[in-house]
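Structure first, then comments.
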Amino acid sequence: MIPVNEPRLGEKEIDNAMECLRTGWISSTGKFLEEFEDAWASYCGMRYGIAVSNGTVALQLALACIELEPGDEVILPTFTIISCAQAVVYNRGIPVLVDSDPRTWCMDVGQLAARITPRTRAIMPVHIYGHPVDMDPLLSLADQNGLMVIEDAAEAHGAQYLSRRADTGATWRRCGGMGDISAFSFYANKLITTGEGGMLLTNDPDIANQARSLRNLCFQPKRRFYHTELGYNFRLTNLQAAVGLAQIERMPEIIARKRWIGESYRERLKSIPGITLPVEEPWAQQVYWMYGLVLEESTHLSAADFARLLQAEGIETRPFFLGMHEQPVFTRQGLFKGERYPVAELLARQGLYLPSGLALTEDQLDRVCRAVEKILVKG
Ligand SMILES: Cc1ncc(COP(=O)(O)O)c(C=O)c1O
C-alpha cells in the first residue's frame, strides 16, 4: 500500500530531540521553544510567534485574542476543516460562509463583500492544499471595513503570494505572513512537523502577549496563582520545538521536493481525460501540501468510488473536505439553514487527494499515475 503521507525526519531532528531528553528540558520551557517561535515567525515575515499544541487550538486562540462579542460574525470558506468553524463557535461567534473558487479551491474572494454585515468582525482565509488565497482583494476589503484577518496557513508552509497592491508594488509574501494573526499546524502530515503542534504569528505586540497569557492559563507574571482571566493549557513542549527548529532549516529542500511531486503528477496525469488537476495561478507559488484531483461528472465515478478502485490497486487516498454547511453538528444548531455552495459541494463529492508525502518515491508516483490511468482510460 502506498500511504497518503509519510513524514521524513533527519539527523538534526534526532540530535535536537536527544539533547532535550539528555538535559531534561522536555516540557514547555527551554531554549528550543523560543528559537522555534522566532525562526518560524521570521521565515514567514512576522514579528512574533506563539507556539501551541496544534493547529486547531491556534485558530481558537487567534479568535480568543480578538475578543468577539456573542453574535459577532466571522467569514470563512465552507470548504475547509472543522477547526476553522469551531474556533468561531467556541468563541461565541457566528461562522458566515462563502463558496470556493473553482480553480484554486480556496475561498472565492469575489463573494466576500456580499457577506459583510454590521456584525462582521473578521475574515478567515484558508490556503487550501498548499495554494494561496487571492489575498489582495481580501486585504483591501478588510481594510475598508475595519475587519481583522485571521489567516489559516496550516496547509501552506512556505507558499508565496504575489501581492500587486498599488501602495506597496509587486512583492512576494509568504502565506501566514499577511493577516493580523495567522495560524499553522505542525501535524505529522504537514510540510514541517513537530508530531502534534501549531503556532500563531502576529506583528502586534499586544496580541502576542495576550496569546502567550491565554496559552498558559493566564498566570500573572508577578503573582503566579492569582488569575484575572480564564485561559487554556495550549502549550507546546521544548521537545517538539526542538524537532520543529531542525525542520525549518530544511524548508528549501522540503518545498523543492513537494513542488517536484506536484509537477511530476501534473506531467503524468495532464492528458488523462475526466480529471481536473490543481492549478498554480500566476500570482502564486504553491507547495502542493496534498496533490488533489477532482473527477469530472462525465466519468460517472464519485470520489468514493474512485478511492475504492485505487485502494484495490494498493493506493491510499483521502477524500476532500465536506463543507461546513453540510455538517450535522452545525445544521442541528440551526446554522447555515438552506444555504447551498455548489463548488464546495462538487469538490466534496468528486475530490480526493493522492499520496503526497515527502517520502514518496518516483517509482511509487509512477505506480499511482498508472493506476489512475488504468481506472479512467482502460476501465
Ligand atoms: C486548514 C487547516 N486548518 C487547521 C488544521 C488543524 O490543525 P491540527 O490538526 O494541528 O489541529 C488543519 C489540519 O489539518 C487544516 O488542514
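In each ligand, atom 1 is the first atom listed, and ligand 1 is the first ligand listed. Note that the structure is predicted; figures quoted are calculated from it, not measured. All values below were derived from every heavy atom in this structure, side-chain atoms included, with hydrogens, water molecules and symmetry-related copies excluded. The residues of the chain are indexed from 1 along the displayed sequence.
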| said: Do the side chains of Arg266 and Glu263 get close enough for a salt bridge, i.e. N-O under 4.0 angstrom? | reply: no
| message | Residues around ligand 1, heavy atom under 4.0 Å from any ligand atom, sorted by chain and number. Can you pull those? | response | Asn54, Gly55, Thr56, Leu59, Ile81, Ser83, Val126, Asp152, Ala154, Glu155, Ser185, Lys190, Gly197
| Does Arg257 have any salt bridge (charged side-chain N to carboxylate O under 4.0 Å, His left out) partners at least two apart in sequence or in another chain, and if so, which? | none
| message | Just to verify, what does Glu196 make a salt bridge (charged side-chain N to carboxylate O under 4.0 Å, His left out) with, not counting sequence neighbours? | response | none
| request: Could you pull out all residues at least two apart from Asp143 that satisfy salt bridge (charged side-chain N to carboxylate O under 4.0 Å, His left out)? | output: Arg165
| Does the ring centre of Phe321 sit less than 6.0 Å away from the ring centre of Phe79? | yes
| Do Glu280 and Arg259 sit within salt-bridge range, that is, some charged N less than 4.0 Å from a carboxylate O? | yes
